[in-house]
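Data block below; observations after.
Residue numbers start from 1 in every chain, and the chains themselves are labelled A, B, ... in the order their sequence lines are given, proteins ahead of strands.
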Amino acid sequence: MSKNTDSETGPVQDATEAFELALKEAGQGRYVLRLYVAGMTPNSQRAIENVQKICEGHMQGRYELEIIDIYQQPIFAKEGQIVAAPTLVKELPPPLRKFIGDMSKTEKILAGLDLRKKD
Amino acid sequence: MAKSDKKTKPIVDELLKTPTGINGLDEITSGGLPQGRPTLVCGGTGCGKTLLAMEFLVRGATQFGEPGVFLSFEEKSEELSKNFASLGFDLDDLVAQNKLSIDYVHLEPSEIEETGEYDLEGLIIRISHAIDTLGAKRVALDTIEALFSGLSNESILRSELRRLFRFLKDKGVTAIITGEQGERTFTRFGLEEYVADCVIFLNHTVSQQIATRRLRIVKYRGSAHGTNEYPFLIDRQGFSVMPISSIGLDHPASTERIPTGIPRLDTMLGGKGYYRGSSVLVTGTAGTGKSSMAAHFVDAACKRGERSLYFAFEESQNQIIRNMHSIGIDLGRWVEKGLLQFQNARPSLYGLEMHLVVMHKAIDAFKPGVVVVDPISNLVAAATEAEVKSMLSRLIDYLKMKQITAFCTDLTSTSGSLERTEVGMSSLMDTWLLLQAMEGSGERNRGLYLLKSRGMAHSNQVREFILSNEGAQLKDVYVGPGGVLTGSARLAQEARDKAESLGVKLEIERKQREIERKKAAIEAQITVLRSQFEDEKDELERLIAKEKQRGETLDSETRTLAKARQADELPTQQDSTGKPRKGDRK
């Protein structure tokens, strides 16, 4: 698993905590993202590249991206309700969104992350 | 593929099967589901797919030591636990024991954006992880079609599903995949395309407001299986399928006879009663005493120590017990002793097939020697006559196979012919009794006819059936020039007959006395005549003697005279005439 973060905030489990965090971070426009991939398939690699590109391009300095290989840590697949791979989960800010695929449709992702208006 | 070797080998010997542990399903599939392969269970909403899948896992975990993985796409694991607690399955406990794993796969289309190429590796990894963690042998996916509503790229989905099923086969797990029934296909999204080994179809139909569940094995590659629609039941013990139509006509026939509980009825039936394992039908109009006959039969069976099962479709248990007290039968004590069990249900409670399944279950659990169905005619309320007949014939076949004596009552309507059962099933019955109301002189009496009794000599005479404090009794009816008389008419006729016969007896005595008198008179006359005769005889003899004497005197005088005249010796005339010399001396 590779980790690319600019914050030390760990995974959020508790709902109340999540809500408080969300309140705190919403104003700051912070993003907590997780990318679940299943091994280093071409799809996975493309997805990682694409997500990193989007993050750096649109929310530099205010995002946290965790990349999880569910082959190595299958328990996260259950916890994160992952069905398809690759899946990018936007944990914060709410609402929760899931993007599946190799993340090649940048526009769709930007819209889903509410980032398009800032373009 | 390495798997293909594994697959072909069992086919050569015989297809390996995984027993489901579900009542009856293993019999229909002759052993269970194909081992190491997925089975598709499809059907409409609420037909029991989830239950079948879950019970397969629970029974596997508890009865066969095979842990299972349940992947739910519709219900959360807490909801599942709650739902199955009502069926007596403690899912939480099984999860805690690591015998079961429930994974709720949540797919919310509004949360999901598709951004290019993807696969279902996430799902496969979850299943794989769960299987490996528990060492699971069984997997249920309920219902995987939810993927189609959650994800839009059907071509990816289809190829990924194919991969998923291949993965399950490679894992060697026996899987149940459920699928919602489509309009023209077994499943809405054509899952049968991927799961080709075994397809089970569940059906839930409502006819005349009564629902019946049925199960059918559509396909079972490499195995013989029952092809009919089998009714099944979901109750507190879970799923039960009844493979009842498979029973043939090869049940044993006992020569043992069991009493009817009414001594004179035994006499009518060749003196011994019904055959064990035979079927007895009592037909009659309302209030002719059918249930009372059933109570007698049950009472007699319990007295012998046999268990009896009473299916009552009209009255409650307490009502039957109370009513039978009035004819001196205490059924309550047999219930307390556990020899008698009542199964009371309204016919319209559920479908006919369900009744049959319930009856089967009760019979299997209680193991009775005698079964009463009171009345069969009420079942018509739940279905058509043809269905009732088919159901009853299966019930009776089943009872015969188990050597259980069946006693069925049938309420006939007064308007129709009496020798016609409401459900046209007399041909199924071995012994047929008809209770008939006989009206006359302002009262209704009951007549009992023995219409048929296979395999035994039986009476052709009608009897009067009387319900008294001491129970049912059979009396000979009065059959005479005035017709058949029953009740008080019979009593009156009997009294008249008695009076008449008394009169005749007196008359005979009188005549006999007259004979005696006549004889005495004649004998007196005879005595008189004899004494007269004696008198006359005496008189005549006296005259004869007198005449003789006179003759002798004359003779001697002549001789004396001749002697005196010195004449020749004359021969003695008296000697030649033969007259006794006695007279001479007189």
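- Each salt bridge (charged side-chain N to carboxylate O under 4.0 Å, His left out) pair with one or both residues in residues 42-52 of chain B, not counting sequence neighbours, appears once here: B/Lys49-B/Glu180.
- Neither the backbone nor the side chain of A/Tyr36 comes within contact range of chain B; no heavy atoms are under 4.5 Å apart.
- Formation of a donor-acceptor pair under 3.5 Å by the A/Lys108 side chain with backbone atoms of B/Glu114 is found in this model.
- Heavy atoms closer than 4.5 Å to chain B are found nowhere in A/Leu88, neither backbone nor side chain.
- Looking at B/Ile156, there are no atoms closer than 4.5 Å to chain A (heavy atoms on both sides), in backbone or side chain.
- A donor-acceptor pair shorter than 3.5 Å cannot be found between the side chains of B/Tyr104 and B/Glu78.
- Residues forming a ring pair (Phe, Tyr, Trp, His ring centres under 6.0 Å) with B/Phe84 (at least two apart in sequence, or on another chain): none.
- B/Glu75 and B/Asn83 are linked by a side-chain donor-acceptor pair at a separation below 3.5 angstrom, with hydrogens and angles left out of the test.
- Chain B forms the most heavy-atom pairs under 4.5 Å with one residue out of A/Pro42, A/Gly80, A/Ala77, A/Pro86, and that residue is A/Ala77.
- The greatest number of non-hydrogen atom pairs below 4.5 Å with chain A, out of B/Asp119, B/Ile112, B/Leu107, is found for B/Asp119.
- Below 4.5 Å, heavy atoms of chain A meet heavy atoms from B/Ile125, B/Arg126, B/His129, all part of residues 125-143 of chain B.
- Identified under the salt bridge (charged side-chain N to carboxylate O under 4.0 Å, His left out) test for residues 36-50 of chain A, with sequence neighbours left out: A/Arg46-A/Asp102.
- Inspection of the B/Gln97 and B/Asp93 side chains reveals an N or O donor paired with an N or O acceptor under 3.5 Å.
- Comment: A/Lys90 does not engage B/Glu111 in a salt bridge, judged by the lack of any side-chain N to carboxylate O separation of less than 4.0 angstrom.
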